[in-house]
Asks: 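Got a structure for you, questions after.
In what follows, residues are counted from 1 in the order of the sequence shown. Remember, it's 1-based here, ligands and their atoms both numbered in the order they're listed.
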Amino acid sequence: MIVVMKPGSSQRQVDHVIELIEQLGLRSHVIVGTERTVIAALGEKRDGAKQALETGDGVEKVVPILAPYKMASTEVKKEPTCVSALNLKVGAGHIGVIAGPCSVESRDQIVQVAQAVKEAGATGLRGGAFKPRTSPYSFQGMKEKGLELLAAARAATGLAIVSEVMAPEHVPLLTRYVDVLQVGARNMQNYPLLEAVGESGKPVLLKRGPAATMDEFLLAAEYILKTGNTQVMMCERGIRTFEEHTRFTLPLATVPYLKQTTHLPVVVDPSHGTGKASLVAPMAVAAIAAGTDGLIVEVHPDPEKALSDGYQSLTPAAFLAMMADCRKVAQALGRRM
Ligand code: PEP
Ligand code: MN
């Protein structure tokens, strides 16, 4: 339920409602808006709770939250959320671009690509150090050494570092080196991991599972929000379908759908979404047209030699051209990029 306070209600009245919510065995979550304060009462539905809260001093009305994801829903918070880390800003009018290789491979590789993507206008640097690979025989990432190299690339460029964390026990290590924790598609429903990244307090890039519905995706975000961490980006990276001309199928209707249902920013990954370098830029441009708040794109200085996902990685020159096209579309729609 959402308890909508009257405009100008006092802190004492808000505190009293919080107390009532807690007495009912529910959790409270206060959202201070520009005009009025609303308090979400979260937990199992209880008989009589609505009536009890309606009698609270300063309460205007109590309305049920219809969506199963409560804190992620626009029913609870209408203003869009901006996720930020260093100069990376995603959401609430900001379009943020995260770019870099699939995996960190060497100091030269990561620093070189960081400089190139920064020049092209990216404000976040991606690079996997712990890689979830389909085959256990494939390159698994440089692990902590890779994180050190990412930190070196940040020192050289000021870009915010985005890197994947695969296990709850790795969260403290990643937190020491990176600015945004990425939860990969394969881990979207790893609930202990979602709680651990939430509790880290770091911004999170949550990728959609290739077989997850929108409700499952939003409920995964809810696990993170429930810890009190509101810095969550929803990343569409493509789903598994019967289609074989692309690695995954990139459903861009996700973008306007999420913009209508959640205040959290939406990021599109056209690299994993298509699996083909030649399709990445057109889909990035289309994602901007669809209203995405951000992009995450794989860029490698020499894609042919990449240790992972080279076939879907852009060269720095192709990334520069992609950014120019994205900017044109953003401008045509009155958006800044
Ligand atoms: C990645 O970003 O390199 C990655 C493995 O992505 P996903 O989890 O979407 O497959
Ligand atoms: Mn990849």
Asks: Side chains of E298 and H300: do they bring a donor and an acceptor to under 3.5 Å?
Replies: no
Asks: Under a heavy-atom criterion of less than 4.0 Å, does C102 contact ligand 1?
Replies: yes
Asks: Short list, please: which atoms of ligand 1 are under 4.0 Å from a heavy atom of Q182?
Replies: 1 (C), 2 (O)
Asks: For the aromatic rings, using the six-membered ring if either is Trp, is the centroid distance between F130 and H170 under 6.0 Å?
Replies: yes
Asks: Distance to 0.1 Å, residue and atom name: give those for the protein heavy atom nearest to atom 4 (C) of ligand 1.
Replies: H272 NE2, 3.4 Å
Asks: Work out the angle at the Mn ion (ligand 2) between OE2 of E298 and OD2 of D309, rounded to 10°.
Replies: 120°
Asks: Any Lys/Arg nitrogen of D309 or K131 sitting under 4.0 Å from an Asp/Glu carboxylate oxygen of the other?
Replies: no
Asks: Should the heavy atoms of other residues, nucleotides or ligands under 6.0 Å from NZ of K276 be counted, would the total exceed 12?
Replies: yes
Asks: Should you measure from each heavy atom of G184, which atoms of ligand 1 turn up under 4.0 Å away?
Replies: 8 (O)
Asks: What protein heavy atom lies closest to atom 6 (O) of ligand 1? Include the residue and the distance to one decimal.
Replies: K207 NZ, 3.0 Å
Asks: Identify whether the distance between the nearest side-chain nitrogen and carboxylate oxygen of K305 and E105 falls below 4.0 Å.
Replies: no
Asks: Among all protein heavy atoms, pick the one closest to atom 10 (O) of ligand 1 and tell me residue, atom and distance.
Replies: R237 NH2, 2.8 Å
Asks: To the nearest 0.1 Å, how far is atom 8 (O) of ligand 1 from its closest protein heavy atom, and which atom is that?
Replies: A185 N, 2.8 Å
Asks: On the six-membered ring of F139, is R133 placed so that its NZ or CZ lies under 6.0 angstrom from the centre and within 45° of the ring axis?
Replies: no
Asks: Do S28 and E22 have side-chain atoms, one donor and one acceptor, less than 3.5 Å apart?
Replies: yes
Asks: Just go through E164, R208, R126 and tell me whose heavy atom is the nearest to atom 3 (O) of ligand 1.
Replies: R126
Asks: Does K6 come within less than 4.0 Å of E60, counting only side-chain N to carboxylate O?
Replies: no
Asks: With the Mn ion (ligand 2) as the reference point, give the N/O/S atom of H272 that is nearest.
Replies: NE2
Asks: With heavy atoms of E298 as the reference, note each atom of ligand 1 found under 4.0 Å away.
Replies: 3 (O)
